[in-house]
Amino acid sequence: MKTVYAFLADGLEEVEALMVIDLLKRTHKLNVVTVSIKDSLFVEGCHNIKMYTDKNIDEINFEEGDCIFLPGGLPGTTNLASCTKLTAQILKYNKVGKMLAAICAAPTVFSGLELLKDKNATSYPTMAEQMDCKNYGGKGRDRWQFCYCQWVGFGS
C-alpha cells in the first residue's frame, strides 16, 4: 500500500486538507498519514479549527513515503515553505520521481523550490505571481488543462 504524507501547518485551509485526506482514505488503497511540521501534534487552521495529526515531522520515515501532499491556506502555506526539513524532503522526492501534490496556494511551495520551471501548473489565482512555471493555468475557464499529473494526484 502506498503511503501519502499529508503535511499540516498552523494556518492551513481546513477544507483543503480534510477533503483531500478524507477522499484518499476512502480509496482503501492508500495509507494516509497526517503530519505536523512542528513538535506538537495539534494544528490550528485559518478558521480556528483545531486538528490532531497522526505524527510530527520528526516521527516519520520519509523513505517509507510515496507522496507528499500540501494543503493550501494562509499562513499555512507560508509555514510549510518555511519548514526546512520538509522542503529538503520535497527536493529529494522530486529527484527520485516520487509523487508531489498540492492544492490552492500550496503549489507556490514547489515553485519556490524551482520545481515547476518546466511544468504546467496552477494555483489559487491570487498566487499567480508566485508561480514560476512553464505554463500557468490558474485563470479563466481553461485553467484545468494545465494540471500535470505528478503535481495533482495519483495515476493508475
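Side-chain contact between K38 and N56: absent, with no pair of heavy atoms (C-beta onward) separated by less than 4.5 Å. For the pair T108/M131, a side-chain contact is recorded, criterion being any heavy-atom separation below 4.5 Å from C-beta on. A heavy-atom distance below 4.5 Å is found between the side chains of L86 and L70. Side-chain atoms of Q89 and I57, non-hydrogen and from C-beta on, never get closer than 4.5 Å to each other.
D58 and D39 get closest at one heavy-atom pair: OD2-OD1, 3.8 Å. Shortest non-hydrogen contact noted between A128 and S123 is N-OG, 4.1 Å. Annotation for L8 and A17: closest pair CD2-CB, 3.9 Å, computed over non-hydrogen atoms. M1 and K29 make their closest contact through CG-O, 3.3 Å (heavy atoms, listed as atom of the first residue, atom of the second, distance).
The OG1 atom of T77 sits 10.5 Å away from atom CD1 of I103, with the distance rounded to the nearest 0.5 Å. For the atom pair CD (E16) and CD1 (I21), the distance works out to 11.5 Å, reported to the nearest 0.5 Å. Here the CD1 atom belonging to I90 is positioned 16.0 Å from the NZ atom belonging to K95, to the nearest 0.5 angstrom. Taking CD of E64 as the start and CG of N31 as the end, the distance is 9.5 Å to the nearest 0.5 Å.
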Note to self: For D66 and K98: C-alpha separation, side-chain torsions, deciding distance, then whether salt bridge (Lys or Arg N to Asp or Glu O under 4.0 Å) applies.
What the structure shows: CA-CA 6 Å; D66 299 289; K98 288 190 176 186; 5.3 Å; no
**Asked** Should K117 and D132 be marked as a side chain to side chain contact (heavy atoms under 4.5 Å, CB included) after you check the CA-CA gap, both sets of side-chain angles, and the distance that decides it?
**Response** CA-CA 6 Å; K117 286 189 175 287; D132 185 11; 2.5 Å; yes
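Clustering ILVMFWY residues whenever any of their side-chain heavy atoms sit less than 4.5 angstrom apart, transitively, puts L41 in a cluster other than the one holding I37.
With T3 as the fixed residue, the side-chain contact (heavy atoms from CB on, under 4.5 Å) test singles out one of V33, N61, I60: V33.
Ring pair F7/F62 is parallel by interplanar angle, where below 30° counts as parallel and above 60° as perpendicular.
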